[in-house]
Amino acid sequence: MPEPAAPEGAEDRAAEGAADSRLLLRLDGFDGPLDLLLELARGQKVDLARISILALVEQYLAVIEGARRVRLELAAEWLVMAAWLAWLKSRLLLPEDDAAAEEGGQAAEVLAERLAALQQMRAAAAWLGARPELGQEVFARGEPESFVAIDRSRLALDVPGLLRAYLAAVRRAAGRRGYTPAPVTYWTIKDALARLGAMLGELPDWQTLERFLPPAPLSPLERRAAVASTLLAGLELARTGTARLRQDEAFGPILVRKARGVEQSE
Amino acid sequence: MSASEVPEAALRLAEALVFASAEPVSPRALAQLLPETLEAETVFAALAARYAGRGVELVTVAGGMQFRTAADLAPLLRKVVQMPRRLPRAAMETLAIIAYHQPVTRAEIEEIRGATLSQQTLDALLEAGLIVPKGRKEAPGRPTLWASTETFLTRFGLRDLRDLPRREDLLVEPQPLPIPPPAVAPSAGEADEAPDGT
Amino acid sequence: MSASEVPEAALRLAEALVFASAEPVSPRALAQLLPETLEAETVFAALAARYAGRGVELVTVAGGMQFRTAADLAPLLRKVVQMPRRLPRAAMETLAIIAYHQPVTRAEIEEIRGATLSQQTLDALLEAGLIVPKGRKEAPGRPTLWASTETFLTRFGLRDLRDLPRREDLLVEPQPLPIPPPAVAPSAGEADEAPDGT
């Protein structure tokens, strides 16, 4: 919340004048800008809920300004915070009815809340630290006795382990054997001749050649091989006069039927 | 049965059991050794009464009962008993934040402290067994969530997390923390020893 | 000074020191913490007297004093924890192969595992009663055939060997090539439009 800079702020600045020089030399002792801000807020020696954010901002900026004079390599996070606080200061200095001032007031509240939250956790850490800590203030039995006897005579056996072992063994051995591609067998002309010869007699009329392909499901490659073999077998049967072939148009289906006695080729 | 009526045999047994162990002993563990007519809690209470004010005391912590040296003897014992290093301030604060805000992500811890959480600090807390990862936050990147452990409770002599003061009560008393010792004063002679010196 | 006159503060200190120390505490170590007017031996004696007959006793061991659980309580506190061993990998694999391929010869096991089978591994399985020799194979050298036992089934919680998953369900056989989805059944008109058609 924006507060008038004077007279309270002025007093604070005066009071912090000495502290600044003390603080600026040991920024390394702080865990980041928020830590320093909290330390400065504590310096105001009032309830955190009632600190003057504006005074705090000015103190921080003074410390950073002083530190920069000494150490040029001041870490980015300190400067980023300084930049943001400079922005906050500009807002807090505006008249209260200004819209931008309200924005600044909200930002100041958020900052105050963050400081309060950090202060809370700082207090929690202090509370924990003040407790008798095992190994620091209080000690447990230095040389515990154990009455536990460990029996390792039994075997841990389970089916998943057995299966994993089996798979590991089989896979390892398989990996060592090297890869042999599964042999591919194509439908040969001989196969096609046998099938065509056997089936042709049972079919009365023209059939497409495709009907004489092997019945098993075929991959495209196998199918092409079978079509070629069957066509060649058909041609062979036609050559010997056992069958007749017909194709009505270019790229049309090839038809086949058994030759009946002496026929003229069409 | 009142604490004063606990049979000596049961007291001896409880004493031996808790004494022998470096870890807290649960009432259930004691109950397994006692006759059914005796309650472990009653025996523990009688034992605690017997040790009250002695150099070793029976205390209730997470997980059960544990003998511990009396806190007032610490200064004398420290001279003789080996101690692990105290946790540095950053680690203590991180631990407090995890204890109060758990489960909490690293980014959230950093947000509260306004400072980066160093790997060293996280490692120290993990190594001491004071914190554990507890799932992941359903948020972009699914960051790990951190929580405190049973060891945390035991180490600080807490029965459970409800033994921690409420957050509202923490604000009341802003006791000033020891300010870290000033870095090396940049006098002419010492300038070269400053961490960022030259 | 007699043991009964030892101040309570000295007793507390000695008690805490012995309790917290990882090593027996020598009288010299205690003496360092005591006022000069008190002798460590006297304090230890008084402490031992206080603990006499209790669940924990102060005993003299090499190097000094130590708390020890009373000997008569040890049997009550003893707890046996079963920590079953795991079979070494080679043994587990061999067992699995015997289970799936029985009856099987040593040479066959080696062939399947692609590794030599040591006598030690075989002995370990025999000793655990998980496998037995089951006749000989009618082959050159008449090698012993191995099979799994009743104990094998019991230990793995199987009713019989058929409870094991079938090999086909276990092994993803190496497939020659990914097979594209079957082409639409060719109608007469489409025959020549097959991919290699034109």
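Here is the naming used below: chain letters follow the sequence lines, and residue numbers restart at 1 for every chain.
Chain B forms more heavy-atom pairs under 4.5 Å with one residue of C:G53, C:S21, C:A70 than with any other, namely C:G53. Considering only heavy-atom pairs separated by less than 4.5 Å from chain C, the leading option among B:K79, B:R54, B:Q32 is B:R54. Ranking B:L77, B:V56, B:T69 against chain C, the residue ahead of the rest is B:V56, based on heavy-atom pairs under 4.5 Å.
Taking the six-membered ring where tryptophan is involved, the planes of B:Y51 and C:Y51 are tilted, since the angle between them lies from 30° to 60°.
In this structure, chain C has a heavy atom under 4.5 Å from the side chain of B:E8, while its backbone stays farther away. Contact of B:L13 with chain C is made through backbone and side chain together, with heavy-atom distances under 4.5 Å. Contacts of B:L17 with chain C are made by both backbone and side-chain atoms, with heavy-atom separations under 4.5 Å.
Counting heavy atoms of neighbouring residues, nucleotides and ligands inside a 6.0 Å radius, atom CZ of B:R159 does not exceed 12 of them.
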Checklist line | Derivation of the salt bridge (Lys or Arg N to Asp or Glu O under 4.0 Å) call for C:E15 and C:R50 | finding: CA-CA 10 Å; C:E15 185 178 33; C:R50 174 174 281 187; 5.1 Å; no

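Between the CE atom of B:M92 and the OG1 atom of B:T121 there is a distance of 13.0 Å, given to the nearest 0.5 Å.
Under the 4.5 Å side-chain criterion, counting only non-hydrogen atoms from C-beta, C:Q102 is in contact with C:L161.
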